[in-house]
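Notes to accompany the following structure.
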Amino acid sequence: MSKEYNITLIPGDGIGPEVTEAAVHVIEAAGVNVNWEVVEAGEKVIEKYGTPLPDYVLNSIEKNKIALKGPITTPVGKGFRSVNVALRQKFNLYANVRPIKTYKGIKSRYDNVDLVIVRENTEDLYAGIEHKIGDYAAESIKIITKDASEKIAKFAFDLAKNEGRKKVTAVHKANIMKFSDGLFLNTVREVSKNYEEIEFEDVIVDAMSMKLVQTPENYDVLVMPNLYGDILSDMGAGLVGGLGVVPGGNIGKDIAVFESVHGSAPDIAGKGIANPLATILSSVMMLRYIGENEAAEKIDAAIAKVLEEGSKLTVDLGGSASTKEFTEEVIKKLK
Ligand code: NAI
């Protein structure tokens with residue numbers, strides 16, 4: 001009898017339930033024995049519980065230590081703080097890992113992107129410390145600490161080492177924010193000295209944006225504070241076929257929450273056409289995290305086949321397959 005895992009499943013808002021259902025089916029078809037503890041969060045529970053993030057969600061994650069999460073809608077400029085940010089802060093999920101990779105069969109201007117964005121996930125302007133100054137101004141405070149910078153730097157270099165990657169690039173704006181980004185950069189530079197086998201460089205975030213568009217193949221592991229990581233992740237998605245393609249993991253000391261980079265996509269929710277690939281790939285990252293490497297490889301190989309054949313691509317990738325048709329094709333290839 002194979003090992004059984006208890007994993008929290010948060011279907012989320014918008015396309016969340018559709019894409020997480022797809023990932024659950026694929027994991028099941030790969031033969032991994034998961035007892036999913038399904039907990040609702042987001043818009044649909046606000047009325048009942050007065051919060052989009054009720055305690056039962058936090059308790060479930062705390063107990064199981066691992067979660068697969070669909071996207072959750074955050075109202076803009078008013079109402080509740082982001083559930084996503086709250087979760088990352090609550091469990092100190094300090095590393096947000098987002099592999100950006102080209103797949104044969106997915107149209108993009110590039111054919112050889114293979115980089116990982118490692119985004120600091122708990123501080124920077126996302127610490128949520130902001131206030132109004134009368135009606136005429138508002139202030140958001142950008143916090144960068146040595147401790148968090150050191151942790152994310154070590155994480156990035158360890159990831160490079162474990163995955164056989166050659167270079168870590170620190171992305172920052174230390175020329176302008178000399179104290180905050182200066183501290184981040186100096187800390188990453190210090191940490192880099194313990195990893196002599198890995199090349200280290202730093203690039204200012206605006207220049208990085210240009211270079212990523214011009215020569216993404218030159219980059220391997222990118223480590224950066226929260227805000228730049230958020231922005232460059234979506235840009236990275238644009239390099240390899242869009243938001244439907246890029247997975248992610250929020251990783252802490254002993255708790256991890258896996259989710260795609262994309263949001264709840266209200267424009268296509270409920271239509272059955274969302275691309276589940278990013279969430280399936282996030283669940284593959286999760287399988288590797290729990291040590292189910294064989295199942296992860298199998299799913300990766302099945303996905304590569306489906307993409308290369310190209311007959312069951314979803315609408316965002318230029319095809320006409322539904323969420324279900326794509327998922328069923330991946331499952332067919334698994335068998
Ligand atoms: P979004 O990522 O939801 O959508 C941007 C565009 O990409 C839309 O046109 C959408 O249809 C398309 N898209 C996204 N995922 C797709 C998929 N799997 N398949 C096909 N097309 C896809 O970004 P948006 O509209 O800015 O955010 C919507 C909501 O999601 C907001 O409330 C935002 O705060 C929230 N959000 C939540 C995240 C999370 O839970 N981790 C992450 C990002 C946004």
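Order of listing sets the numbers, starting from 1, for every ligand and every atom in it. Atoms considered below: every heavy atom in the structure, side chains included; atoms not considered: hydrogens, waters and symmetry mates. We number each residue from 1, following the sequence as shown.
- Legend: salt bridge (charged side-chain N to carboxylate O under 4.0 Å, His left out) pairs involving residues 321-335, not counting sequence neighbours, sorted by first then second residue: Glu309-Lys333, Glu329-Lys332, Glu329-Lys333.
- A salt bridge does not link Arg119 with Asp124: every distance from a Lys NZ or Arg NE/NH1/NH2 to an Asp or Glu carboxylate oxygen is 4.0 Å or more.
- Take Asp206 and apply the side-chain hydrogen bond (donor to acceptor under 3.5 Å, both in side chains) test, not counting sequence neighbours, and it matches Lys173.
- In this structure, Lys167 is positioned above the aromatic face of Tyr219, its NZ or CZ under 6.0 Å from the six-membered ring centre and within 45° of the axis.
- Protein residues having a heavy atom under 4.0 Å from any atom of ligand 1 are Ile15, Lys69, Pro71, Ile72, Thr73, Thr74, Asn84, Leu243, Gly244, Glu259, Val261, His262, Gly263, Ser264, Ala265, Pro266, Asp267, Ile268, Ala274, Asn275, Asp316, listed by chain and number.
- Listed by first and then second residue, the side-chain hydrogen bond (donor to acceptor under 3.5 Å, both in side chains) pairs involving residues 146-161 are Asp158-Tyr195 (not counting sequence neighbours).
- A salt bridge does not link Glu123 to Arg88: none of the charged nitrogens lies less than 4.0 Å from a carboxylate oxygen.
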